[in-house]
Chemist: 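Sharing a structure with you now.
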Amino acid sequence: MTLRTQNLEKLPSEEYDVLIIGGGINGAAAASALAGKGAKVAVIDRGDFAGSTSMHSSNLVWGGIKYMESNDFALVRKLCKSRNHLIKSYPSTVKEIRFLTTISKGFRHSPRYLWAGTWLYWLMGNGFTKRPRLLSPKNIKQEEAIIDTENAVGGFEYSDAYLYDNDARFVFNFVRQAMTFGAVAANYVESLGAERENGCWVTRARDVMTGDTFNIRSKVLINAAGPWVDEHNALTKQSTSHQHLYSKGIHLIVPQLTEQKRVLAFFANDGRLFFVIPMGNRTCIGTTDTHMENPYPEVTQEDIAFVLENINARLSLETPLTEKDIISTRCGVRPLAVKADKGQSRDFLQLSRKHVIDTHESTAHISIFGGKLTDCLNVGEEISDEVQKLGVTLGAPATRWYGEPDDKVKASFMQQARDAKLDALTPATSNEKLSSRLWRRYGNDAFGLLEKIKADPSQAEILIDKTEYVRCELEYARDHEMITELEDFLRRRAKVSLVVHRDELMNSEGLKKACEVLFGDQAQTRLDTYFAKNPDTTRPNAPRSEAALAE
C-alpha cells in the first residue's frame, strides 16, 4: 500500500483540528507549523503539491529590494529578516548569492543613487550579507565578460539568496515535515466545496485519480489554494475583504551562459528587473509581467520573444540566443492580494507579493492571499496564531517546525559518509559531492540512503543522463514522496524536466528504467501519459496532441 493510499484511507475516518486546501508554499508551511505545534492536520491538493505558482518562481529568496522604490520599507525590512532566517535555518539549501546589476544610459536613476539604496537595503537586513559594491563599466566587463557594457554607465553588486535546489522541492519538504509531525497529506484530492454542520466543517472531497468522493471533517478550514483562493471561497460561500489579481511571469532555461555563480540583473525594456540566474549547468533567464484575467497562463510566442530580445540586448554572446537554445520554460501566475473594493482598478505592476490572512471567526474559516517563498515561515507562525484564536489548542507551541537537523546530526552523517568513501562514488557529471547532495535533500533520511549505497554501490548510479538523481533516490521518492504521476518526479520532487529537453527525455532509456522503479508494471502507461499531457512549451506554436488539448 502506497503512502498516498494510506493517507486517503485516513482522511474520511477522523475529525481534524484543521483541514488545509492547497499544498503550495502557503499551505505547506501552514501544515508544517500547525502539525509541529500539536494540531491534528490534514492537507489536500487537487493536483500535486507545489503544482502551480510555487513551482514557477525565480528560485530567489530575496528581501524585495524593488519595493524600496515604492517606499514600502516595512515590507522590505520584514522580507530581509525572513531571508536571513531562512539562510540560517536551511544552510544547505538557501544560500547567499551576489547580484551584479548593470545600469544602461538613460535609466531613471544613476548607478550611485541605486548603490546608495543597496546600502540602505543591507542595513535593513541587519548587515547579514556581504556589503554592496559600486562598479564601473570596466569593472563589470572584467568580472562578467558576457555582459555588454557598451551602453552601460555603471552598476553595483549586492547580496540576496537563492534556492540551491528547485522551489517545488523546497515546498514539498514542508509537506514531508508536516507528515513527520503526524499530519495526513494527499495530493490529487480535490475539494468540491464545504459546509458548516453543527459547528464543524464538512468538506466534500474527490480522489482525482479514481473519481471516488468522501467527506473530511474539521474544526477549522484553511483556504490556501493559491491562485484559486477566490474560486474556492465561492464554493464555500465565504466573502472576504481581499481578492486576487493575476500577473503572468515566464522564465526560459538555456545552456549555461557563465560559470560565475552570481545572478546578473538588468532592467528590461518595460522597466522591470530582469535576471540571469545560475541553475547548475543551466541558466534561467526572465521574467515577464503580464496582466491575466484568470490563473491559467500559457507561454506565448510574444513572451519568448520578449525574454530573448532583452537578454540578447544585454549580453555579448558569441551567438545570440534563439528558440533553438531553449531547454524548457517556466510559466506561472503571481496571485497578488488586493482589497476587494479596489478590484481591477489597481495597477498590478505596483503591487507587492505580500501575503494577507483573512479570518472569519464566526465560521472558523481562514483564507491566505498572495505570498511568496521568502515569507513562508511568517505565514506558518501567523496561521498558528489565527488557529489558536479560533479555539484550537496547540499542545506543543515551542516545537521548531522548520529547518535542517542540527549541526551534530549533520557532522555524524558526514563522518559516516567519509568512512564509507561515499564521495568517491559521485558521478563525474555532478555539480556537488554525493554526501552534500544527500544531506541537503534528505536530512535525517540521508542515513538510510547511505546504508543502501554501502550495501549496494550501484544504488549511487545515475539512471537519467544529464541529471544528478541516483537510483536510491528514485526508490526513496517512490516510497516516501507520494509520486502519483511522472510529472511529480520530473518537475517537482526533481527538476529533471527543467534541465533536460523534452525530446531527449522521450528518447531516454534511463527515464524508462526510472519509470520502472517508480511505477512498476504501469511504467509505460505513466510515461505515455506524461508526454501526452506535456507538450513542448519551447515551441508555443507547435501543434498539441489530442490528449493535451483535452486537458
Side-chain angles (χ1 to χ4, degrees), residues 25-26 29 33 53-54 57-101 109 111-135 155-165 167 170-171 174 249 261-265 267 272-275 277-278 287 334 336-337 349-357 368-383 385 400-404:
I25 187 58
N26 289 336
T53 296
S54 295
S57 78
S58 299
N59 273 32
L60 300 179
V61 178
W62 63 321
I65 190 171
K66 71 174 185 177
Y67 303 140
M68 293 178 65
E69 190 171 14
S70 56
N71 298 321
D72 203 344
F73 297 115
L75 177 61
V76 173
R77 168 73 171 158
K78 182 181 181 182
L79 291 176
C80 282
K81 291 170 67 176
S82 300
R83 175 204 64 197
N84 297 349
H85 195 28
L86 284 172
I87 292 173
K88 289 186 288 187
S89 301
Y90 296 92
S92 301
T93 300
V94 183
K95 296 179 177 290
E96 179 179 347
I97 191 169
R98 299 295 272 175
F99 282 62
L100 195 164
T101 305
H109 299 302
R112 288 184 177 276
Y113 177 83
L114 295 171
W115 175 62
T118 63
W119 276 95
L120 177 58
Y121 186 63
W122 181 76
L123 291 169
M124 293 175 76
N126 295 333
F128 183 81
T129 59
K130 295 177 183 176
R131 295 180 178 183
R133 292 194 303 149
L134 181 66
L135 300 170
F156 54 90
E157 188 181 63
Y158 68 99
S159 286
D160 257 314
Y162 81 122
L163 293 171
Y164 191 94
D165 215 333
D167 44 9
F170 183 69
V171 173
F174 282 105
K261 300 300 182 184
R262 58 157 66 97
V263 176
L264 307 183
F267 287 91
R272 277 183 53 85
L273 277 168
F274 188 86
F275 298 117
I277 305 166
T287 180
R334 308 170 185 91
L336 305 171
L349 288 172
Q350 298 302 316
L351 292 173
S352 73
R353 296 286 303 282
K354 66 182 180 182
H355 69 267
V356 176
I357 295 174
I368 309 175
F369 293 91
K372 58 189 299 178
L373 291 169
T374 309
D375 216 16
C376 61
L377 301 186
N378 289 327
V379 169
E381 294 292 350
E382 291 170 27
I383 287 293
D385 291 342
R400 189 168 186 264
W401 54 270
Y402 56 86
E404 295 179 14

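Reckoned from all heavy atoms, side chains included, excluding hydrogens, waters and symmetry mates.
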Chemist: Can you name the side-chain hydrogen bond (donor to acceptor under 3.5 Å, both in side chains) partners of Asp385, sequence neighbours left out?
Modeler: none
Chemist: Only counting residues at least two apart or in another chain, list the ones meeting side-chain hydrogen bond (donor to acceptor under 3.5 Å, both in side chains) with Thr287.
Modeler: Arg334
Chemist: Looking only at atom types and distance, does a side-chain atom of Glu404 sit under 3.5 Å from a main-chain N or O of Ser89, one as donor and one as acceptor?
Modeler: no
Chemist: How close do Ser57 and Leu373 get, counting heavy atoms only, and between which atoms?
Modeler: OG-CD1, 3.6 Å
Chemist: Closest approach of Arg83 and Ser159, non-hydrogen atoms and distance?
Modeler: NH1-O, 3.8 Å
Chemist: Give the intermediate values and the outcome of side chain to side chain contact (heavy atoms under 4.5 Å, CB included) for residues Tyr121 and Asp160.
Modeler: CA-CA 10 Å; Tyr121 186 63; Asp160 257 314; 2.9 Å; yes
Chemist: Would you compute the distance between atom NZ of Lys354 and atom CG of Leu75 and round it to the nearest 0.5 angstrom?
Modeler: 7.0 Å
Chemist: What residues form a side-chain hydrogen bond (donor to acceptor under 3.5 Å, both in side chains) with Arg131, not counting sequence neighbours?
Modeler: none
Chemist: With a 4.5 Å limit on heavy-atom distance, are the side chains of Leu135 and Leu100 in contact?
Modeler: yes
Chemist: Walk me through it: do Val76 and Lys66 pass the test side chain to side chain contact (heavy atoms under 4.5 Å, CB included)?
Modeler: CA-CA 9 Å; Val76 173; Lys66 71 174 185 177; over 6 Å; no
Chemist: Hey, what do you get for CZ (Phe99) to CH2 (Trp62), rounding to the nearest 0.5 Å?
Modeler: 7.5 Å
Chemist: Nearest 0.5 Å, please: how far is CG in Leu114 from CE in Met68?
Modeler: 10.0 Å
Chemist: Do the side chain of Thr118 and the main chain of Trp115 share a donor and acceptor less than 3.5 angstrom apart?
Modeler: yes
Chemist: Checking Trp401 against Leu377 for the side chain to side chain contact (heavy atoms under 4.5 Å, CB included) test, could you report, in this order, the C-alpha distance in whole Å, the side-chain angles of both residues, the deciding distance, and whether it holds?
Modeler: CA-CA 9 Å; Trp401 54 270; Leu377 301 186; 3.8 Å; yes
Chemist: Working to the nearest 0.5 Å, report the span between CG of Asn84 and OG1 of Thr129.
Modeler: 7.0 Å
Chemist: Shortest non-hydrogen contact from Cys376 to Leu86?
Modeler: SG-CD2, 4.1 Å
Chemist: Parallel, tilted or perpendicular: which one describes the rings of His85 and Tyr402, with boundaries at 30° and 60°?
Modeler: perpendicular
Chemist: Search all heavy atoms of Pro278 against all heavy atoms of Val263 and return the closest pair with its distance.
Modeler: CD-CG2, 4.1 Å
Chemist: To the nearest 0.5 Å, how far apart are CG in Asp375 and NZ in Lys78?
Modeler: 4.5 Å
Chemist: If every non-hydrogen atom of Gly63 is compared with every non-hydrogen atom of Leu79, which pair is closest and at what distance?
Modeler: O-CB, 3.4 Å
Chemist: Got a sec: does the CZ of Phe73 have more than 12 other heavy atoms crowding it under 6.0 Å?
Modeler: yes
Chemist: Evaluate the side-chain proximity of Phe267 to Leu273: yes if any heavy-atom separation is below 4.5 Å, no if none is.
Modeler: yes
Chemist: Step by step, work out the salt bridge (charged side-chain N to carboxylate O under 4.0 Å, His left out) result for Arg272 and Glu69.
Modeler: CA-CA 12 Å; Arg272 277 183 53 85; Glu69 190 171 14; over 6 Å; no
Chemist: Please determine whether side chain to side chain contact (heavy atoms under 4.5 Å, CB included) holds for the pair His355 and Lys372, giving the CA-CA distance in whole Å, both sets of side-chain angles, and the decisive distance to 0.1 Å.
Modeler: CA-CA 8 Å; His355 69 267; Lys372 58 189 299 178; over 6 Å; no
Chemist: Which heavy atom of Cys80 sits nearest to which heavy atom of Gly125, and what is that distance?
Modeler: CB-CA, 3.7 Å
Chemist: Would you call Asn126 and Arg77 a side-chain contact if the rule is heavy atoms closer than 4.5 Å?
Modeler: yes
Chemist: Between Tyr164 and Asn59, do the side chains contain a donor N or O and an acceptor N or O under 3.5 Å apart?
Modeler: no
Chemist: Rounded to the nearest 0.5 Å, what's the gap from CG on Leu336 to CZ on Arg353? Could you check?
Modeler: 6.5 Å
Chemist: Checking Lys130 against Glu157 for the salt bridge (charged side-chain N to carboxylate O under 4.0 Å, His left out) test, could you report, in this order, the C-alpha distance in whole Å, the side-chain angles of both residues, the deciding distance, and whether it holds?
Modeler: CA-CA 10 Å; Lys130 295 177 183 176; Glu157 188 181 63; over 6 Å; no
Chemist: Using a 4.5 Å cut-off on heavy atoms from C-beta on, say whether the side chain of Tyr158 contacts that of Arg133.
Modeler: no
Chemist: Determine whether the aromatic ring centres of residues Phe170 and Tyr90 are separated by less than 6.0 angstrom.
Modeler: yes
